[in-house]
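Heads up: numbering here begins at 1 and tracks the sequence. Predicted model only: the values in this text are computed from it and were never measured.
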Amino acid sequence: MPEVTRQDQGTFDYIIIGAGSAGCVLANRLSEDPNNKVLLLEAGGKDNYHWIHIPIGYLFCMGNPRTDWMMKTEPDAGLNGRALNYPRGKILGGCSSINGMIYMRGQAADYDQWRQLGNTGWGWDDVLPYYIKSENHHLGKTDMHGSGGEWHVEKQRLSWEILDAFRDAAEEIGIPKTDDFNDGNNEGSGYFEVNQKGGMRVSTSRAFLKPVMGRPNLKVLTHAHTTKILLEGKRATGVAFDLNGVPSEATALGEVILSAGAVHSPKILELSGVGRGELMSKLDIPVNHELKGIGENLQDHLQIRTVFKIKNAVTLNQKVNSLFGKMAMGIEYALFRSGPLSMAPSQMGLFAKSDPRIETPDLEFHIQPLSTDKLGDPLHPFPAITASVCNLRPDSRGSIHIKTPDAKAHPAIVPNYLSTQTDKDVAAKSIRLTRKIMATNAIAQFEPEEILPGTQIASDEDLVREAGNIATTIFHPIGTCKMGSDTMAVVDDRLRVHGIQGLRIVDASIMPTITSGNTNSPVIMIAEKAAVMIKEDLKA
(Lines give C-alpha, C1' and ligand atoms only; values in the text may rest on other atoms or scores of the structure.)
Protein backbone atom coordinates (compact mmCIF):
# COMPACT_ATOMS: atom_id res chain seq x y z
CA MET A 1 0.00 0.00 0.00
CA PRO A 2 1.55 3.37 -1.04
CA GLU A 3 2.64 5.77 1.70
CA VAL A 4 0.26 8.69 2.28
CA THR A 5 1.58 12.11 1.27
CA ARG A 6 1.62 14.29 4.37
CA GLN A 7 1.92 18.02 4.88
CA ASP A 8 5.15 18.95 6.66
CA GLN A 9 4.40 20.87 9.86
CA GLY A 10 8.02 21.53 10.65
CA THR A 11 10.99 20.33 12.67
CA PHE A 12 11.15 20.51 16.46
CA ASP A 13 13.44 19.51 19.28
CA TYR A 14 10.56 17.89 21.17
CA ILE A 15 7.19 16.65 19.99
CA ILE A 16 4.71 15.94 22.79
CA ILE A 17 1.73 13.75 21.92
CA GLY A 18 -1.22 14.65 24.13
CA ALA A 19 -2.04 17.97 25.82
CA GLY A 20 -3.50 16.39 28.94
CA SER A 21 -2.39 16.30 32.56
CA ALA A 22 1.22 15.47 31.67
CA GLY A 23 1.54 17.09 28.26
CA CYS A 24 0.65 20.61 29.40
CA VAL A 25 3.23 20.43 32.18
CA LEU A 26 5.91 19.18 29.79
CA ALA A 27 5.11 21.87 27.23
CA ASN A 28 5.59 24.52 29.90
CA ARG A 29 8.81 23.14 31.33
CA LEU A 30 10.53 22.16 28.08
CA SER A 31 9.77 25.49 26.39
CA GLU A 32 11.28 27.44 29.31
CA ASP A 33 14.55 27.27 27.39
CA PRO A 34 14.10 29.48 24.31
CA ASN A 35 16.55 27.25 22.45
CA ASN A 36 14.10 24.32 22.64
CA LYS A 37 11.53 24.26 19.87
CA VAL A 38 8.48 22.36 21.17
CA LEU A 39 5.39 21.02 19.39
CA LEU A 40 2.36 19.95 21.45
CA LEU A 41 -0.26 17.82 19.67
CA GLU A 42 -3.81 17.45 21.00
CA ALA A 43 -6.32 15.23 19.22
CA GLY A 44 -9.23 17.02 20.89
CA GLY A 45 -10.25 20.64 20.77
CA LYS A 46 -9.75 23.80 22.79
CA ASP A 47 -11.02 24.06 26.35
CA ASN A 48 -13.39 26.95 25.62
CA TYR A 49 -16.59 25.16 26.73
CA HIS A 50 -18.01 26.97 29.77
CA TRP A 51 -18.93 23.79 31.64
CA ILE A 52 -15.26 22.80 31.81
CA HIS A 53 -14.53 25.67 34.16
CA ILE A 54 -17.59 25.50 36.44
CA PRO A 55 -16.85 22.65 38.88
CA ILE A 56 -20.30 21.02 38.69
CA GLY A 57 -19.85 21.02 34.92
CA TYR A 58 -18.18 17.62 35.02
CA LEU A 59 -21.77 16.34 34.81
CA PHE A 60 -22.02 17.91 31.35
CA CYS A 61 -18.50 17.04 30.17
CA MET A 62 -18.39 13.31 30.85
CA GLY A 63 -20.53 11.60 28.25
CA ASN A 64 -20.35 14.64 25.97
CA PRO A 65 -18.58 13.99 22.63
CA ARG A 66 -17.31 17.55 22.66
CA THR A 67 -15.15 16.86 25.72
CA ASP A 68 -15.08 13.06 26.17
CA TRP A 69 -13.76 10.31 23.89
CA MET A 70 -16.94 8.33 24.67
CA MET A 71 -15.19 5.00 25.18
CA LYS A 72 -16.59 1.89 26.84
CA THR A 73 -14.99 -1.15 28.38
CA GLU A 74 -15.55 -4.61 27.01
CA PRO A 75 -18.23 -6.57 28.90
CA ASP A 76 -16.60 -7.56 32.18
CA ALA A 77 -17.14 -10.87 33.97
CA GLY A 78 -16.46 -9.28 37.37
CA LEU A 79 -19.29 -6.84 36.70
CA ASN A 80 -21.67 -9.66 35.74
CA GLY A 81 -21.21 -8.95 32.05
CA ARG A 82 -21.71 -5.19 32.22
CA ALA A 83 -19.69 -2.75 30.10
CA LEU A 84 -18.83 0.62 31.65
CA ASN A 85 -18.55 4.07 30.14
CA TYR A 86 -14.88 5.05 30.34
CA PRO A 87 -14.55 8.86 30.23
CA ARG A 88 -11.28 10.35 28.95
CA GLY A 89 -10.70 14.04 28.29
CA LYS A 90 -10.87 15.13 24.65
CA ILE A 91 -9.73 18.75 25.04
CA LEU A 92 -6.74 20.76 26.15
CA GLY A 93 -6.05 19.70 29.71
CA GLY A 94 -7.23 16.15 29.00
CA CYS A 95 -8.79 14.45 32.00
CA SER A 96 -7.85 17.38 34.25
CA SER A 97 -10.51 19.35 32.35
CA ILE A 98 -13.33 16.93 33.16
CA ASN A 99 -12.28 15.08 36.31
CA GLY A 100 -13.27 15.40 39.97
CA MET A 101 -10.58 18.00 40.80
CA ILE A 102 -9.48 16.08 43.92
CA TYR A 103 -5.90 16.80 44.96
CA MET A 104 -4.35 13.56 46.16
CA ARG A 105 -0.79 12.27 46.14
CA GLY A 106 -1.26 8.77 47.47
CA GLN A 107 0.85 7.20 50.19
CA ALA A 108 4.59 7.31 50.77
CA ALA A 109 4.60 3.50 50.65
CA ASP A 110 3.31 3.57 47.06
CA TYR A 111 6.43 5.30 45.79
CA ASP A 112 8.78 3.41 48.05
CA GLN A 113 7.38 0.27 46.44
CA TRP A 114 8.20 1.66 42.99
CA ARG A 115 11.76 2.16 44.17
CA GLN A 116 11.89 -1.32 45.69
CA LEU A 117 10.84 -2.70 42.31
CA GLY A 118 14.13 -1.33 40.96
CA ASN A 119 13.02 2.11 39.79
CA THR A 120 15.80 4.32 41.09
CA GLY A 121 14.75 7.85 42.01
CA TRP A 122 11.04 7.12 42.46
CA GLY A 123 10.76 6.73 46.26
CA TRP A 124 8.61 9.09 48.34
CA ASP A 125 11.54 11.29 49.32
CA ASP A 126 12.53 11.49 45.65
CA VAL A 127 9.13 12.53 44.30
CA LEU A 128 7.94 14.82 47.11
CA PRO A 129 9.99 17.82 45.87
CA TYR A 130 8.22 17.61 42.50
CA TYR A 131 4.81 17.74 44.17
CA ILE A 132 5.91 20.76 46.17
CA LYS A 133 7.37 22.45 43.08
CA SER A 134 4.00 22.58 41.29
CA GLU A 135 1.86 23.56 44.26
CA ASN A 136 0.22 26.80 45.19
CA HIS A 137 -1.30 25.45 48.38
CA HIS A 138 -3.83 27.25 50.56
CA LEU A 139 -1.65 26.57 53.63
CA GLY A 140 1.33 28.31 52.07
CA LYS A 141 4.85 26.93 52.08
CA THR A 142 5.51 24.17 54.62
CA ASP A 143 7.68 21.07 54.77
CA MET A 144 4.94 19.20 52.92
CA HIS A 145 3.46 21.87 50.65
CA GLY A 146 4.50 24.51 48.19
CA SER A 147 3.52 28.08 47.45
CA GLY A 148 3.64 30.02 44.19
CA GLY A 149 3.39 27.03 41.85
CA GLU A 150 0.94 26.64 39.02
CA TRP A 151 -1.18 23.88 40.56
CA HIS A 152 -3.70 25.58 42.85
CA VAL A 153 -4.91 23.56 45.84
CA GLU A 154 -7.82 25.00 47.79
CA LYS A 155 -10.33 24.01 50.40
CA GLN A 156 -13.82 23.33 49.15
CA ARG A 157 -16.25 26.20 49.46
CA LEU A 158 -19.14 24.34 51.08
CA SER A 159 -20.06 21.90 53.86
CA TRP A 160 -22.96 19.55 54.57
CA GLU A 161 -24.39 18.51 57.93
CA ILE A 162 -24.78 14.89 56.81
CA LEU A 163 -21.14 14.70 55.67
CA ASP A 164 -19.93 16.14 58.96
CA ALA A 165 -22.00 13.46 60.70
CA PHE A 166 -20.43 10.75 58.52
CA ARG A 167 -17.03 11.98 59.64
CA ASP A 168 -18.11 11.83 63.29
CA ALA A 169 -19.46 8.33 62.69
CA ALA A 170 -16.15 7.14 61.29
CA GLU A 171 -14.36 8.56 64.30
CA GLU A 172 -16.80 6.69 66.53
CA ILE A 173 -15.52 3.37 65.14
CA GLY A 174 -11.85 4.37 65.31
CA ILE A 175 -11.14 6.12 61.99
CA PRO A 176 -9.54 9.45 62.93
CA LYS A 177 -10.20 12.85 61.43
CA THR A 178 -7.38 14.41 59.44
CA ASP A 179 -6.66 17.84 58.02
CA ASP A 180 -4.20 16.66 55.36
CA PHE A 181 -4.50 13.59 53.15
CA ASN A 182 -1.17 14.39 51.47
CA ASP A 183 1.54 14.01 54.09
CA GLY A 184 2.43 10.45 53.09
CA ASN A 185 -0.17 8.63 55.22
CA ASN A 186 -3.72 9.46 54.19
CA GLU A 187 -5.56 7.51 56.89
CA GLY A 188 -8.58 9.35 58.26
CA SER A 189 -11.50 11.47 57.08
CA GLY A 190 -11.93 15.02 55.89
CA TYR A 191 -13.15 17.24 53.11
CA PHE A 192 -11.10 16.73 49.96
CA GLU A 193 -8.82 19.54 48.85
CA VAL A 194 -9.47 20.49 45.25
CA ASN A 195 -7.69 21.95 42.23
CA GLN A 196 -9.73 25.11 42.05
CA LYS A 197 -9.09 28.83 42.13
CA GLY A 198 -11.82 31.04 43.49
CA GLY A 199 -14.48 28.38 42.94
CA MET A 200 -13.41 27.66 39.35
CA ARG A 201 -11.75 24.48 38.03
CA VAL A 202 -8.01 24.60 37.54
CA SER A 203 -6.95 22.23 34.76
CA THR A 204 -3.38 21.68 33.56
CA SER A 205 -4.29 23.67 30.46
CA ARG A 206 -5.35 26.66 32.53
CA ALA A 207 -2.49 26.29 35.03
CA PHE A 208 0.51 25.31 32.91
CA LEU A 209 -0.28 25.86 29.23
CA LYS A 210 -2.29 29.08 28.89
CA PRO A 211 0.30 31.28 30.65
CA VAL A 212 3.04 30.24 28.16
CA MET A 213 1.06 30.03 24.92
CA GLY A 214 2.78 33.20 23.71
CA ARG A 215 6.25 31.69 23.74
CA PRO A 216 7.58 31.79 20.16
CA ASN A 217 9.29 28.41 20.60
CA LEU A 218 6.04 26.60 21.54
CA LYS A 219 3.51 25.50 18.94
CA VAL A 220 0.20 23.96 20.02
CA LEU A 221 -2.02 22.16 17.52
CA THR A 222 -5.53 21.00 18.41
CA HIS A 223 -7.57 18.52 16.36
CA ALA A 224 -4.21 16.87 15.63
CA HIS A 225 -4.97 13.15 15.84
CA THR A 226 -1.78 11.07 15.98
CA THR A 227 -1.81 8.11 13.60
CA LYS A 228 1.66 6.77 14.38
CA ILE A 229 5.13 7.56 15.63
CA LEU A 230 7.64 7.69 12.78
CA LEU A 231 10.62 5.38 13.21
CA GLU A 232 13.91 4.98 11.41
CA GLY A 233 15.18 1.62 12.56
CA LYS A 234 15.11 1.74 16.35
CA ARG A 235 14.88 5.54 16.64
CA ALA A 236 11.79 7.76 16.82
CA THR A 237 12.16 10.59 14.33
CA GLY A 238 8.76 12.24 14.28
CA VAL A 239 5.00 11.90 14.36
CA ALA A 240 2.35 11.36 11.70
CA PHE A 241 -1.05 12.90 12.46
CA ASP A 242 -4.25 14.10 10.90
CA LEU A 243 -4.59 17.86 11.39
CA ASN A 244 -8.26 18.74 10.97
CA GLY A 245 -8.46 15.69 8.73
CA VAL A 246 -5.38 16.58 6.64
CA PRO A 247 -2.54 14.01 6.77
CA SER A 248 0.46 15.78 8.32
CA GLU A 249 3.78 15.06 9.95
CA ALA A 250 6.46 16.72 12.04
CA THR A 251 10.09 15.83 12.66
CA ALA A 252 11.72 15.52 16.09
CA LEU A 253 15.44 16.23 16.35
CA GLY A 254 15.53 15.34 20.03
CA GLU A 255 12.68 13.27 21.41
CA VAL A 256 9.11 12.21 20.78
CA ILE A 257 7.31 12.22 24.13
CA LEU A 258 4.16 10.15 24.37
CA SER A 259 1.73 11.64 26.91
CA ALA A 260 -1.57 10.37 25.61
CA GLY A 261 -2.57 8.54 28.80
CA ALA A 262 -3.02 4.95 29.91
CA VAL A 263 -5.59 4.26 27.17
CA HIS A 264 -4.17 6.06 24.16
CA SER A 265 -0.43 5.64 24.70
CA PRO A 266 -0.44 1.84 24.20
CA LYS A 267 -2.82 2.32 21.28
CA ILE A 268 -0.46 4.74 19.52
CA LEU A 269 2.53 2.48 20.13
CA GLU A 270 0.74 -0.52 18.63
CA LEU A 271 -0.36 1.54 15.62
CA SER A 272 3.34 2.41 15.22
CA GLY A 273 4.39 -1.25 15.17
CA VAL A 274 5.72 -1.27 18.74
CA GLY A 275 4.23 -3.84 21.09
CA ARG A 276 3.14 -7.47 20.97
CA GLY A 277 4.23 -8.82 17.60
CA GLU A 278 1.50 -11.43 17.37
CA LEU A 279 -1.24 -8.83 17.85
CA MET A 280 0.17 -6.39 15.29
CA SER A 281 0.81 -9.10 12.72
CA LYS A 282 -2.82 -10.20 12.89
CA LEU A 283 -3.80 -6.63 12.01
CA ASP A 284 -1.23 -6.38 9.18
CA ILE A 285 0.79 -3.74 11.03
CA PRO A 286 4.54 -4.12 10.38
CA VAL A 287 6.32 -5.09 13.60
CA ASN A 288 9.05 -2.50 14.22
CA HIS A 289 9.86 -3.44 17.80
CA GLU A 290 8.64 -6.21 20.09
CA LEU A 291 7.63 -5.13 23.61
CA LYS A 292 5.28 -7.63 25.22
CA GLY A 293 4.27 -5.37 28.11
CA ILE A 294 2.60 -2.67 26.04
CA GLY A 295 -1.11 -2.59 26.83
CA GLU A 296 -0.80 -5.05 29.72
CA ASN A 297 -0.81 -4.42 33.50
CA LEU A 298 -3.96 -2.24 33.39
CA GLN A 299 -5.04 -1.27 36.91
CA ASP A 300 -7.99 0.86 37.95
CA HIS A 301 -9.98 1.77 41.05
CA LEU A 302 -13.43 0.19 41.05
CA GLN A 303 -15.85 2.05 43.32
CA ILE A 304 -18.80 0.32 44.93
CA ARG A 305 -21.67 2.81 45.20
CA THR A 306 -23.59 2.21 48.42
CA VAL A 307 -26.66 4.45 48.83
CA PHE A 308 -28.57 5.32 52.01
CA LYS A 309 -31.89 7.15 52.20
CA ILE A 310 -31.91 9.54 55.16
CA LYS A 311 -34.21 11.90 57.08
CA ASN A 312 -33.75 15.19 58.97
CA ALA A 313 -31.03 16.63 56.71
CA VAL A 314 -30.76 18.49 53.42
CA THR A 315 -28.98 16.82 50.51
CA LEU A 316 -28.45 17.86 46.92
CA ASN A 317 -31.41 15.68 45.94
CA GLN A 318 -33.89 18.16 47.43
CA LYS A 319 -32.12 21.19 45.96
CA VAL A 320 -31.93 19.80 42.43
CA ASN A 321 -35.56 18.65 42.47
CA SER A 322 -36.81 22.10 43.48
CA LEU A 323 -37.09 25.11 41.16
CA PHE A 324 -36.35 27.42 44.08
CA GLY A 325 -33.38 25.23 45.04
CA LYS A 326 -31.94 25.43 41.54
CA MET A 327 -32.35 29.21 41.47
CA ALA A 328 -30.71 29.57 44.88
CA MET A 329 -27.73 27.45 43.81
CA GLY A 330 -27.25 29.53 40.66
CA ILE A 331 -27.43 32.82 42.54
CA GLU A 332 -25.01 31.63 45.22
CA TYR A 333 -22.46 30.57 42.63
CA ALA A 334 -22.86 33.73 40.56
CA LEU A 335 -22.37 35.98 43.59
CA PHE A 336 -19.88 34.06 45.71
CA ARG A 337 -18.47 31.18 43.57
CA SER A 338 -19.61 28.83 46.34
CA GLY A 339 -22.37 26.35 47.02
CA PRO A 340 -23.30 23.19 45.10
CA LEU A 341 -22.17 24.53 41.70
CA SER A 342 -18.64 24.76 43.12
CA MET A 343 -18.79 21.12 44.21
CA ALA A 344 -16.30 18.49 43.23
CA PRO A 345 -18.14 15.24 42.39
CA SER A 346 -17.15 13.96 45.85
CA GLN A 347 -16.80 16.32 48.76
CA MET A 348 -15.66 14.17 51.65
CA GLY A 349 -13.02 11.51 51.66
CA LEU A 350 -12.15 8.73 54.07
CA PHE A 351 -9.22 6.34 54.00
CA ALA A 352 -9.42 3.18 56.07
CA LYS A 353 -8.18 -0.40 56.32
CA SER A 354 -10.22 -3.38 55.23
CA ASP A 355 -8.24 -5.45 57.74
CA PRO A 356 -6.45 -4.10 60.85
CA ARG A 357 -3.44 -6.27 60.07
CA ILE A 358 -2.44 -4.30 56.96
CA GLU A 359 0.03 -1.45 57.33
CA THR A 360 -1.65 1.41 55.44
CA PRO A 361 -5.24 2.13 54.32
CA ASP A 362 -6.41 0.11 51.34
CA LEU A 363 -9.90 1.66 51.07
CA GLU A 364 -10.92 5.10 49.87
CA PHE A 365 -14.44 6.44 50.37
CA HIS A 366 -15.93 9.22 48.27
CA ILE A 367 -18.97 10.47 50.19
CA GLN A 368 -21.57 12.57 48.39
CA PRO A 369 -24.74 14.31 49.66
CA LEU A 370 -26.72 12.99 46.68
CA SER A 371 -27.91 9.72 45.15
CA THR A 372 -29.13 8.13 41.93
CA ASP A 373 -29.90 4.61 40.78
CA LYS A 374 -26.84 4.76 38.53
CA LEU A 375 -24.42 7.45 37.36
CA GLY A 376 -26.07 9.74 34.84
CA ASP A 377 -29.61 9.08 36.08
CA PRO A 378 -31.70 11.84 37.71
CA LEU A 379 -31.18 12.36 41.43
CA HIS A 380 -33.64 10.62 43.72
CA PRO A 381 -36.69 12.66 44.85
CA PHE A 382 -35.86 11.94 48.52
CA PRO A 383 -32.84 12.91 50.66
CA ALA A 384 -30.01 10.40 50.48
CA ILE A 385 -26.24 10.05 50.42
CA THR A 386 -23.84 7.92 48.41
CA ALA A 387 -20.83 6.38 50.12
CA SER A 388 -18.69 5.00 47.32
CA VAL A 389 -15.76 2.85 48.39
CA CYS A 390 -12.89 1.48 46.32
CA ASN A 391 -10.03 -0.95 46.84
CA LEU A 392 -6.94 1.24 46.55
CA ARG A 393 -4.53 -1.55 45.66
CA PRO A 394 -6.39 -4.10 43.53
CA ASP A 395 -4.71 -7.34 42.48
CA SER A 396 -6.78 -7.61 39.31
CA ARG A 397 -4.95 -6.80 36.08
CA GLY A 398 -6.46 -5.99 32.71
CA SER A 399 -5.31 -4.85 29.28
CA ILE A 400 -5.81 -2.27 26.53
CA HIS A 401 -5.10 -3.22 22.93
CA ILE A 402 -6.09 -2.02 19.49
CA LYS A 403 -8.72 -3.99 17.60
CA THR A 404 -8.07 -2.49 14.16
CA PRO A 405 -5.37 -0.49 12.31
CA ASP A 406 -7.82 2.44 12.16
CA ALA A 407 -6.28 5.21 14.29
CA LYS A 408 -9.73 6.70 14.98
CA ALA A 409 -11.14 3.45 16.42
CA HIS A 410 -11.29 2.91 20.18
CA PRO A 411 -9.14 0.12 21.64
CA ALA A 412 -10.45 -2.88 23.57
CA ILE A 413 -10.45 -1.92 27.27
CA VAL A 414 -10.53 -5.08 29.40
CA PRO A 415 -10.25 -4.16 33.12
CA ASN A 416 -10.89 -7.66 34.58
CA TYR A 417 -12.38 -6.13 37.72
CA LEU A 418 -12.84 -8.41 40.75
CA SER A 419 -10.98 -11.22 39.01
CA THR A 420 -8.94 -12.25 42.07
CA GLN A 421 -10.14 -13.69 45.36
CA THR A 422 -8.34 -10.95 47.30
CA ASP A 423 -10.25 -8.25 45.43
CA LYS A 424 -13.51 -10.06 46.05
CA ASP A 425 -12.74 -10.33 49.77
CA VAL A 426 -11.90 -6.62 50.01
CA ALA A 427 -15.12 -5.73 48.17
CA ALA A 428 -17.22 -7.60 50.72
CA LYS A 429 -15.29 -6.12 53.63
CA SER A 430 -15.66 -2.59 52.27
CA ILE A 431 -19.45 -2.85 52.12
CA ARG A 432 -19.53 -4.24 55.66
CA LEU A 433 -17.38 -1.33 56.88
CA THR A 434 -19.76 1.15 55.23
CA ARG A 435 -22.68 -0.47 57.02
CA LYS A 436 -20.79 -0.28 60.31
CA ILE A 437 -20.27 3.47 59.88
CA MET A 438 -23.93 4.02 59.00
CA ALA A 439 -25.01 2.09 62.12
CA THR A 440 -23.25 4.43 64.58
CA ASN A 441 -24.84 6.80 67.08
CA ALA A 442 -23.57 9.78 65.08
CA ILE A 443 -25.77 8.77 62.14
CA ALA A 444 -28.78 7.48 64.07
CA GLN A 445 -30.62 10.82 64.07
CA PHE A 446 -30.80 10.66 60.27
CA GLU A 447 -32.56 7.26 60.32
CA PRO A 448 -30.52 5.77 57.46
CA GLU A 449 -32.12 3.17 55.22
CA GLU A 450 -29.83 1.18 52.93
CA ILE A 451 -31.00 1.23 49.31
CA LEU A 452 -27.90 -0.10 47.56
CA PRO A 453 -26.95 -2.86 47.78
CA GLY A 454 -29.78 -3.44 50.28
CA THR A 455 -29.79 -5.17 53.64
CA GLN A 456 -31.10 -8.37 52.10
CA ILE A 457 -27.66 -8.84 50.52
CA ALA A 458 -25.86 -10.50 53.41
CA SER A 459 -23.34 -13.25 52.55
CA ASP A 460 -19.88 -12.49 51.20
CA GLU A 461 -20.76 -14.27 47.96
CA ASP A 462 -23.90 -12.19 47.51
CA LEU A 463 -22.07 -8.98 48.39
CA VAL A 464 -19.44 -9.62 45.73
CA ARG A 465 -22.10 -10.45 43.16
CA GLU A 466 -24.03 -7.28 43.98
CA ALA A 467 -20.83 -5.23 43.94
CA GLY A 468 -20.51 -6.33 40.34
CA ASN A 469 -23.98 -4.90 39.68
CA ILE A 470 -23.51 -1.48 41.31
CA ALA A 471 -19.78 -0.74 41.02
CA THR A 472 -18.24 1.55 38.43
CA THR A 473 -14.83 2.93 37.52
CA ILE A 474 -13.56 5.96 39.34
CA PHE A 475 -11.56 6.86 36.21
CA HIS A 476 -8.03 5.95 37.36
CA PRO A 477 -6.54 3.69 34.65
CA ILE A 478 -2.76 3.28 34.92
CA GLY A 479 0.08 0.89 34.20
CA THR A 480 -0.25 -0.05 30.53
CA CYS A 481 3.34 1.00 29.69
CA LYS A 482 4.88 0.27 33.03
CA MET A 483 8.25 1.41 34.30
CA GLY A 484 10.80 -1.25 35.22
CA SER A 485 13.47 -3.64 34.02
CA ASP A 486 11.58 -6.95 33.88
CA THR A 487 10.42 -8.61 30.68
CA MET A 488 7.03 -6.86 30.79
CA ALA A 489 8.43 -3.36 31.43
CA VAL A 490 8.00 -0.78 28.68
CA VAL A 491 10.11 2.13 29.97
CA ASP A 492 13.16 2.39 32.19
CA ASP A 493 13.32 4.55 35.31
CA ARG A 494 14.05 7.60 33.17
CA LEU A 495 10.87 6.83 31.20
CA ARG A 496 12.75 5.93 28.00
CA VAL A 497 11.12 3.20 25.94
CA HIS A 498 13.18 0.03 26.08
CA GLY A 499 14.94 -0.56 22.77
CA ILE A 500 13.81 2.65 21.02
CA GLN A 501 15.98 5.76 21.01
CA GLY A 502 14.41 9.20 21.15
CA LEU A 503 11.09 7.96 22.55
CA ARG A 504 9.86 8.56 26.08
CA ILE A 505 6.49 7.98 27.77
CA VAL A 506 5.27 10.43 30.40
CA ASP A 507 1.78 9.77 31.74
CA ALA A 508 -0.17 7.43 34.04
CA SER A 509 0.67 4.43 31.87
CA ILE A 510 4.21 4.27 33.30
CA MET A 511 3.08 3.59 36.88
CA PRO A 512 4.11 0.02 37.77
CA THR A 513 1.43 -0.11 40.50
CA ILE A 514 -1.48 2.18 41.20
CA THR A 515 -1.20 4.94 43.79
CA SER A 516 -3.40 4.79 46.88
CA GLY A 517 -5.71 7.61 45.89
CA ASN A 518 -6.81 9.77 42.98
CA THR A 519 -4.27 9.68 40.18
CA ASN A 520 -4.32 13.08 38.47
CA SER A 521 -1.79 14.93 40.63
CA PRO A 522 0.64 11.98 40.58
CA VAL A 523 0.67 12.36 36.78
CA ILE A 524 1.64 16.02 37.17
CA MET A 525 4.45 14.97 39.51
CA ILE A 526 5.62 12.43 36.93
CA ALA A 527 5.70 15.15 34.26
CA GLU A 528 7.63 17.53 36.52
CA LYS A 529 10.22 14.85 37.23
CA ALA A 530 10.36 13.78 33.57
CA ALA A 531 11.01 17.35 32.41
CA VAL A 532 14.06 17.52 34.68
CA MET A 533 15.33 14.13 33.44
CA ILE A 534 14.84 15.14 29.79
CA LYS A 535 16.90 18.30 30.32
CA GLU A 536 19.58 16.32 32.19
CA ASP A 537 19.80 13.74 29.41
CA LEU A 538 20.14 16.50 26.82
CA LYS A 539 23.25 17.78 28.60
CA ALA A 540 24.72 14.32 29.17
Side-chain angles (χ1 to χ4, degrees), residues 18 20-22 58 61-62 68-69 71-73 76 78-79 84-89 93-107 110-111 113-114 181-182 186 192 194-195 203-204 259-266 295-305 344-346 349-351 361-366 368 375 388-400 413-419 423 426-427 430 467 471-483 507-527:
S21 296
Y58 72 92
C61 292
M62 292 185 183
D68 181 1
W69 283 105
M71 290 183 284
K72 295 180 78 75
T73 69
D76 195 283
L79 304 184
L84 298 180
N85 293 330
Y86 219 68
R88 298 283 89 193
C95 291
S96 75
S97 290
I98 69 170
N99 71 357
M101 296 162 284
I102 292 171
Y103 180 71
M104 190 66 59
R105 296 171 176 172
Q107 299 168 5
D110 300 332
Y111 303 99
Q113 182 187 18
W114 291 6
F181 286 130
N182 290 297
N186 51 20
F192 286 122
V194 290
N195 295 118
S203 66
T204 55
S259 296
V263 175
H264 284 113
S265 283
E296 297 296 309
N297 192 48
L298 172 63
Q299 298 159 57
D300 190 13
H301 289 144
L302 180 72
Q303 63 170 354
I304 302 169
R305 297 178 58 255
S346 299
L350 185 149
F351 291 82
D362 64 336
L363 299 178
E364 179 180 9
F365 286 79
H366 291 77
Q368 306 161 309
L375 293 179
S388 296
V389 57
C390 70
N391 178 357
L392 287 170
R393 295 187 290 274
D395 289 338
S396 299
R397 298 291 184 267
S399 65
I400 296 177
I413 303 170
V414 183
N416 290 332
Y417 295 121
L418 299 174
S419 57
D423 287 358
V426 172
S430 67
T472 187
T473 175
I474 201 167
F475 322 123
H476 297 165
I478 67 96
T480 49
C481 299
K482 78 168 186 173
M483 172 173 55
D507 56 32
S509 72
I510 67 93
M511 296 184 187
T513 54
I514 197 164
T515 54
S516 300
N518 310 73
T519 53
N520 190 61
S521 287
V523 171
I524 292 165
M525 174 278 293
I526 289 168

Any donor-acceptor pair under 3.5 Å from [X] side chain to [Y] backbone:
X	Y	answer
N391	V426	no
H301	L392	yes
T480	A262	yes
Q107	P361	yes
D423	D395	yes
D507	A22	no
W69	P87	no

Going by distance alone, is a donor N or O of one side chain under 3.5 Å from an acceptor N or O of the other, for [X] and [Y]?
X	Y	result
R393	S516	yes
E364	H366	yes
S265	S509	no

Identify the heavy atoms of [X] and [Y] that sit nearest to each other, and give their distance.
X	Y	result
F365	S430	CZ-O, 4.3 Å
D76	N416	OD2-N, 2.9 Å
K72	I413	O-CD1, 4.0 Å
F192	G349	CZ-CA, 3.2 Å
A344	Y58	C-CE2, 4.4 Å

Item to complete: Report the C-alpha distance between S96 and N520 in whole Å, list the side-chain angles of each, state the deciding distance to 0.1 Å, and finish with yes or no for side-chain hydrogen bond (donor to acceptor under 3.5 Å, both in side chains).
Response: CA-CA 7 Å; S96 75; N520 190 61; 5.1 Å; no

Within this structure, what is the [atom1]-[atom2] distance for the pair [X] and [Y], rounded to the nearest 0.5 Å?
X	Y	atom1	atom2	result
D110	N186	CG	CG	8.0 Å
I304	C390	CD1	SG	9.0 Å
M104	T519	CE	OG1	11.0 Å
N195	I102	CG	CD1	9.5 Å
N518	H476	CG	NE2	4.0 Å
N297	I514	CG	CD1	10.0 Å

Using a 4.5 Å cut-off on heavy atoms from C-beta on, say whether the side chain of [Y] contacts that of [X].
X	Y	value
H264	M71	yes
R397	Q299	yes
Y111	P522	yes
M62	N85	no
T472	Y417	no
I524	T204	yes

request  = Evaluate the side chain to side chain contact (heavy atoms under 4.5 Å, CB included) criterion for residues Y103 and N182: first the C-alpha distance (whole Å), next the side-chain angles of each, then the deciding distance (0.1 Å), finally the verdict.
outcome  = CA-CA 8 Å; Y103 180 71; N182 290 297; 3.4 Å; yes

Set of side-chain contact (heavy atoms from CB on, under 4.5 Å) partners for C95, sequence neighbours left out |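 For C95, the residues satisfying side-chain contact (heavy atoms from CB on, under 4.5 Å) (neighbours in sequence not counted) are R88.
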
Out of T73, D68, D300, which residue meets the side-chain hydrogen bond (donor to acceptor under 3.5 Å, both in side chains) rule with Y86?
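Exactly one candidate clears the test, D300.
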
